[in-house]
Novice: 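Quick one: the structure is below, and I'll ask about it shortly.
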There are 4 protein chains.
Amino acid sequence: MKKREVMASVKDERLVQKRRDQMIKGAVALFKQKGFHRTTTREIAKAAGFSIGTLYEYIRTKEDVLYLVCDSIYDHVSDRLEKELDNKKGTLESLKLGIANFFQVMDEMQAEVLVMYQEVKSLSKDALPYVLKKEMDMVGMFENLLTRCVENGELKLSEQQVKIIAHDIFVQGQMWGFRRWALQKLFTLEQYIELQTELLFTGIKGDALKMVPDTKMDVGK
Amino acid sequence: MKKREVMASVKDERLVQKRRDQMIKGAVALFKQKGFHRTTTREIAKAAGFSIGTLYEYIRTKEDVLYLVCDSIYDHVSDRLEKELDNKKGTLESLKLGIANFFQVMDEMQAEVLVMYQEVKSLSKDALPYVLKKEMDMVGMFENLLTRCVENGELKLSEQQVKIIAHDIFVQGQMWGFRRWALQKLFTLEQYIELQTELLFTGIKGDALKMVPDTKMDVGK
Amino acid sequence: MKKREVMASVKDERLVQKRRDQMIKGAVALFKQKGFHRTTTREIAKAAGFSIGTLYEYIRTKEDVLYLVCDSIYDHVSDRLEKELDNKKGTLESLKLGIANFFQVMDEMQAEVLVMYQEVKSLSKDALPYVLKKEMDMVGMFENLLTRCVENGELKLSEQQVKIIAHDIFVQGQMWGFRRWALQKLFTLEQYIELQTELLFTGIKGDALKMVPDTKMDVGK
Amino acid sequence: MKKREVMASVKDERLVQKRRDQMIKGAVALFKQKGFHRTTTREIAKAAGFSIGTLYEYIRTKEDVLYLVCDSIYDHVSDRLEKELDNKKGTLESLKLGIANFFQVMDEMQAEVLVMYQEVKSLSKDALPYVLKKEMDMVGMFENLLTRCVENGELKLSEQQVKIIAHDIFVQGQMWGFRRWALQKLFTLEQYIELQTELLFTGIKGDALKMVPDTKMDVGK
DNA sequence: CATGAATGAGTTTTCATTCAT
DNA sequence: TATGAATGAAAACTCATTCAT
């Protein structure tokens with residue numbers, strides 16, 4: 001699947017990249033705050049530091065901004081994940097590390113990821129598949145890691161189990177971001193990682209469940 | 001937390017409820033298809049079967065419709081959950097059943113739940129808390145069930161573990177709906193329930209992991 | 001060829017007609033003055049006596065206004081022509097009268113006709129044919145009248161001659177309007193009618209050319 | 001009346017002329033296709049083969065382009081006419097030839113003439129008179145030719161008749177271009193010339209009307 | 001002289017909301 | 001209560017023109 005090209009009137013590729021970076025940065029901040037639909041193109045231009053006319057030298061429609069934002073976020077996360085996961089050996093230890101790394105990325109890019117998950121649905125029919133593909137790729141990285149573990153004999157999992165676990169890990173990563181209003185009152189990132197990993201490894205019936213002391217349990221509103 | 005009141009000019013309570021039901025039904029269908037922002041009040045009125053003027057006899061702003069929709073969905077899901085979970089004994093078997101029931105509800109209300117999760121963020125600052133509260137309540141039901149299991153000695157879990165597991169179950173339910181583009185190609189609902197439950201109970205290291213035969217693995221597009 | 005329908009949100013046909021009449025009246029005045037492209041929809045709305053929002057309850061695009069204007073002018077001229085020409089006997093006298101009538105119509109509707117001839121080309125590809133058809137119909141009325149004269153033995157003309165003469169008459173009618181900057185300095189309408197008719201009937205070589213005394217020859221700028 | 005000067009930043013007269021020729025050529029093609037208003041200055045620059053910045057070194061406003069185009073077309077037609085008509089003797093034969101020549105020019109420059117007649121009205125108030133003057137000059141050439149015929153005793157025409165005939169001839173020339181959608185389905189250029197000339201000379205009542213055999217009468221769509 | 005990136009006023013169009021009937 | 005015509009603020013997008021390089 002080819003990357004969808006966003007047309008720009010400006011020829012200088014270097015400049016295009018620079019302006020788009022400004023644009024994305026400004027847009028993410030605005031989308032985070034008011035969502036894609038409530039953000040106007042003028043606001044985006046202003047946040048990016050240039051005029052509305054200039055904005056439209058680098059995109060054709062408002063939706064292009066959203067696509068650019070999503071694309072950029074995916075690329076970032078994707079790159080990070082690739083670096084972290086691909087060279088990992090198929091051992092339980094490296095799986096654990098991989099998960100921890102991923103959750104950390106999701107924590108760092110919380111804002112961006114949140115924006116993306118709330119706005120992808122606003123992408124038009126022709127941009128969506130590309131974005132979904134990216135997501136599948138990332139889930140695929142976890143599948144690969146898990147498969148390597150299975151091949152190494154470290155884990156015994158059916159194909160379906162590999163798939164579902166990859167999805168679970170992925171969703172738990174996102175969860176930390178988009179349910180932060182609940183989760184981050186209860187846990188620190190480290191605790192979250194620890195708890196989720198342990199749960200994943202041993203299940204709720206497992207005796208081995210370490211009883212981590214409950215700190216940061218200020219549940220009260 | 002009191003239910004946010006949506007003002008109506010019409011006095012007849014019976015009529016108000018009837019009209020709002022029409023409205024919600026129409027709106028859900030439209031939101032599902034085009035999202036909240038791309039749906040106009042005229043379309044909502046038409047889908048509800050009355051005029052734009054009448055629509056505004058029962059709400060004050062377009063956002064009221066969204067609130068009403070979310071509220072109605074939450075009430076539905078919440079009611080169902082309450083019926084299923086509250087009277088359940090604190091046994092592993094009933095926990096299992098509770099999860100299965102929940103996933104089934106999420107499957108049945110897939111469309112509505114999807115709509116809600118994509119649009120809640122469009123709720124204004126004063127409607128959001130009420131809706132979030134509802135969500136917490138539902139997570140709370142799972143917490144209670146788990147706690148009963150712990151109290152019964154069926155499970156050994158820290159408070160934090162109870163909390164995180166409740167969230168996980170909840171999110172895995174939603175996942176079935178909002179990642180259906182990926183998951184429902186891979187699994188039937190029954191398989192999904194089976195796989196997730198098993199995983200939750202025994203973890204990935206558990207030897208007990210039943211190797212359910214992989215059917216419906218038509219991963220190919 | 002069916003009349004192209006211009007969509008209106010408003011249901012009441014009576015009202016639609018009334019509003020469109022206001023609209024056309026205002027638009028003609030503006031187009032006359034500044035042309036279609038230099039006229040804004042807001043100006044049209046204002047000239048019509050209602051708000052921009054209301055304007056768009058009765059049309060979908062700015063081009064609809066142009067189409068409505070052209071259509072209305074054609075209908076007017078066409079109706080007038082039909083009344084004047086269709087019942088005319090096939091005699092030279094009635095042909096003369098028909099031409100005089102037509103030129104008078106063109107004089108009365110000068111402004112409208114001018115507007116139309118300057119702006120039809122701005123009609124989109126799907127509105128143009130309908131408008132051209134109307135024009136052909138009008139030329140056709142002269143063809144019919146001429147043909148009746150030929151059948152009566154009052155004139156001896158080939159089919160091609162009938163066609164070209166019909167076009168000539170038609171264009172000379174328009175000419176009075178769109179070359180008024182030159183012609184109306186030289187002639188009164190009556191003189192113009194007299195001169196053109198005589199010319200048409202006897203040609204430039206005809207001895208019979210009456211030497212109408214030259215008044216209104218204030219050629220000087 | 002002095003030719004309106006279009007300011008240019010560039011000094012080199014040779015270059016100015018070259019660039020303007022490129023510009024006019026490109027612009028005519030574009031105007032023909034989409035009209036003056038729907039053509040952007042960027043498109044004109046591109047079609048001319050240079051950048052938008054360069055375009056503005058040779059004009060001050062977009063309207064200058066239109067003026068330049070109109071001016072150039074007029075000059076062309078005017079030159080051609082002058083060559084054809086001025087040295088013509090005042091005989092019927094040379095009048096006939098003059099008309100035929102003119103119609104031929106109009107046929108050759110059809111596109112340009114069409115463009116001009118559709119767009120002159122877009123010229124601002126201060127460019128229009130100059131352009132109108134040019135048109136008067138051309139009509140004047142026919143007036144002169146006719147007057148010479150009258151002086152020679154070949155024709156008996158009042159001053160007013162001379163004027164109106166000159167206008168008729170001129171308009172019939174243009175007609176061939178701007179009513180080509182109708183006329184060119186009915187006649188070849190030769191037939192058109194023949195028919196119009198004959199009509200002009202003998203009128204519709206004239207017995208002398210040759211019955212040219214009707215070919216190319218594929219009136220059907 | 002040539003370039004093309006930047007600008008922002010201006011344009012069309014939409015749509016939530018009101019209110020007279 | 002129900003209706004739907006009227007409103008106008010606000011939004012996306014365009015494009016003639018300028019000016020630093």
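Note: hydrogens, waters and symmetry copies are ignored here, and every other heavy atom, side chains too, is used. Here is how names work: the chains are called A, B, and so on, in the same order as the sequence lines, proteins then strands, and each is numbered from 1.
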Novice: Look at the side chain of A:Thr41 and decide which nucleotide, out of F:dA16, F:dA5, F:dA12, has an atom nearest to it.
Specialist: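 When the side chain of A:Thr41 is considered, F:dA12 is the closest of F:dA16, F:dA5, F:dA12.
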
Novice: Return one dot-bracket line describing DNA chain E 5' to 3' (Watson-Crick or G-U wobble pairs, both distances under 3.5 Å; ( ) same strand, [ ] crossing, | another strand, . none).
Specialist: .||||||||||||||||||||

Novice: Any donor and acceptor pair, going by atom type alone, linking the side chain of D:Glu63 with main-chain N or O of D:Ser124 inside 3.5 Å?
Specialist: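 Confirmed, D:Glu63 side chain pairs with D:Ser124 backbone.
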
Novice: Measure from the side chain of D:Glu57, starting at C-beta and using heavy atoms only, and say which of E:dA2, F:dT17, E:dA5 lies closest.
Specialist: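 The answer is E:dA2, which lies nearest to the side chain.
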
Novice: Before accepting this row, confirm whether a basic side-chain N of the pair A:Asp71/A:Lys134 lies closer than 4.0 Å to the acidic partner's carboxylate O.
Specialist: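 Between A:Lys134 and A:Asp71 there is no salt bridge, as every charged N stays at least 4.0 Å from the carboxylate O atoms.
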
Novice: Measure the shortest side-chain to side-chain distance between C:Leu123 and C:Tyr130 over non-hydrogen atoms and say whether it is less than 4.5 angstrom.
Specialist: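 Not touching, per the 4.5 Å side-chain cut-off.
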
Novice: Could you please name the option among F:dC15, E:dA5, E:dG10 that lies closest to any side-chain atom of D:Ile52?
Specialist: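 Per side-chain heavy atoms of D:Ile52, the pick is E:dA5.
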
Novice: Choosing from E:dC1, F:dA5, E:dA5, which nucleotide comes nearest the side chain of D:Lys11?
Specialist: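 Among E:dC1, F:dA5, E:dA5, the one nearest the side chain of D:Lys11 is E:dC1.
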
Novice: Once you round it to whole Å, what is the distance between P of F:dT3 and NZ of B:Lys46?
Specialist: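 The answer, rounded to whole Å, is 14 Å.
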
Novice: So, do A:Met116 and A:Tyr74 sit near enough that their side-chain heavy atoms are less than 4.5 Å apart?
Specialist: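 Side-chain contact under 4.5 Å: yes.
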
Novice: Atom CD1 of A:Ile44 and atom P of F:dC13: how far apart are they, to the nearest Å?
Specialist: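 Whole-Å distance recorded here is 10 Å.
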
Novice: For A:Ser51 and for B:Thr39, find the nucleotide of DNA chain E with the closest heavy atom, then tell me which residue's nucleotide is more 5'.
Specialist: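 Result: A:Ser51.
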
Novice: Can you see if the side chain of D:Tyr56 gets near the phosphate of E:dA2 - specifically, an N or O under 4.0 Å from OP1 or OP2?
Specialist: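 For D:Tyr56, the contact criterion (side-chain N or O under 4.0 Å from OP1 or OP2 of E:dA2) is not met.
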
Novice: With D:Lys62 as the cation and D:Phe36 as the aromatic partner, state whether NZ or CZ is under 6.0 Å from the six-membered ring centre and within 45° of the axis.
Specialist: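 Geometry flag: set, cation within 6.0 Å and 45°.
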
Novice: With no hydrogens and no angle check, is any side-chain donor or acceptor of C:Arg38 less than 3.5 Å from a backbone partner on D:Ser122?
Specialist: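 Pair found, side chain donor or acceptor close to backbone of D:Ser122.
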
Novice: Which sits closer to the 5' end of DNA chain E, C:Gly53 or A:Leu15, going by the nucleotide each is nearest to?
Specialist: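 Between the two, 5'-proximity favours A:Leu15.
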
Novice: Take C:Arg42 and B:Arg42, find for each the nucleotide of DNA chain F with the closest heavy atom, and name the residue whose nucleotide sits nearer the 5' end.
Specialist: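 By nearest-heavy-atom nucleotide position, the 5'-most residue is B:Arg42.
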
Novice: Specify the residues of residues 20-29 of chain B, ordered by number, for which at least one heavy atom lies under 4.0 angstrom from an atom of DNA chain F.
Specialist: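 Close to the strand, none.
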
Novice: Do A:Val69 and A:Glu119 make a side-chain contact, defined as non-hydrogen atoms from C-beta onward lying under 4.5 Å apart?
Specialist: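 With C-beta onward as the side chain, the pair stays apart.
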
Novice: Starting at atom NE2 of C:His37, determine the distance to atom P of F:dT14, rounded to an integer number of angstrom.
Specialist: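 In whole Å, F:dT14 P and C:His37 NE2 are 15 Å from each other.
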
Novice: If you check the D:Val10 side chain, which of E:dT3, E:dC1, F:dT7 turns out closest?
Specialist: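 Of E:dT3, E:dC1, F:dT7, E:dC1 is nearest to the side chain of D:Val10.
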
Novice: With a 4.5 Å limit on heavy-atom distance, are the side chains of D:Gln17 and D:Asp21 in contact?
Specialist: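 In short, these two side chains touch, coming nearer than 4.5 Å.
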
Novice: Rounding to an integer number of Å, can you tell me how far B:Glu63 CD sits from E:dC15 P?
Specialist: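 After rounding, the reported distance stands at 18 Å.
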
Novice: Here's a test of your reading of the structure: between C:Gly49 and A:Arg60, which maps to the more 5' nucleotide of DNA chain F?
Specialist: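 On the 5' side of the pair lies C:Gly49.
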
Novice: Determine whether D:Leu68 and D:Val65 make a side-chain contact, defined as any pair of heavy atoms from C-beta on separated by less than 4.5 Å.
Specialist: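 No, every pair of side-chain atoms sits at 4.5 Å or beyond.
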
Novice: Considering every strand and a 4.0 Å limit on heavy-atom distances, what is the contact class for D:Thr61: base, sugar-phosphate, or nothing?
Specialist: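 Sugar-phosphate, backbone atoms only, no base.
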
Novice: Taking the minimum atom-to-atom distance to the side chain of D:Lys62, which one of F:dG8, E:dT12, F:dT17 wins?
Specialist: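 Selected nucleotide (nearest to the side chain): F:dT17.
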
Novice: Rounding to a whole Å, what distance do you find between D:Glu43:CD and F:dT14:P?
Specialist: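 Answer to the nearest Å: 12 Å.
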
Novice: When we call it a touch if two heavy atoms are under 4.0 Å apart, what does A:Arg19 touch: a base, just sugar-phosphate, or nothing?
Specialist: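 Since only primed, P, OP1 and OP2 atoms lie under 4.0 Å of A:Arg19, the category is sugar-phosphate.
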
Novice: Measure the shortest side-chain to side-chain distance between B:Lys32 and B:Leu114 over non-hydrogen atoms and say whether it is less than 4.5 angstrom.
Specialist: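 Counting from C-beta outward, B:Lys32 and B:Leu114 never come under 4.5 Å.
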
Novice: Among E:dG4, E:dT7, F:dG4, which is the nearest nucleotide to the side chain of A:Thr54?
Specialist: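 Of all the options, the side chain of A:Thr54 is nearest to E:dT7.
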
Novice: Tell me the interatomic distance from A:Met7, atom CE, to F:dC13, atom P, rounded to whole angstroms.
Specialist: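 In whole Å, F:dC13 P and A:Met7 CE are 13 Å from each other.
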
Novice: Grab the CD-P distance between A:Glu13 and E:dG4 for me, whole Å please.
Specialist: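 So the two atoms are 14 Å apart, to the nearest Å.
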
Novice: Considering every strand and a 4.0 Å limit on heavy-atom distances, what is the contact class for A:Ser9: base, sugar-phosphate, or nothing?
Specialist: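 Since only primed, P, OP1 and OP2 atoms lie under 4.0 Å of A:Ser9, the category is sugar-phosphate.
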
Novice: If we ignore angles and hydrogens, is there a donor and acceptor under 3.5 Å between the side chains of B:Gln22 and B:Arg19?
Specialist: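 Note: B:Gln22 and B:Arg19 side chains meet the donor-acceptor criterion.
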
Novice: Do any side-chain nitrogens or oxygens of B:Tyr58 fall under 4.0 Å of OP1 or OP2 in F:dT1?
Specialist: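 Answer is no, no contact under 4.0 Å.
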
Novice: Would you mind reading off the distance between D:Arg14 atom CZ and E:dC1 atom P, rounded to a whole angstrom?
Specialist: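 Rounded to whole Å, this separation is 13 Å.
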
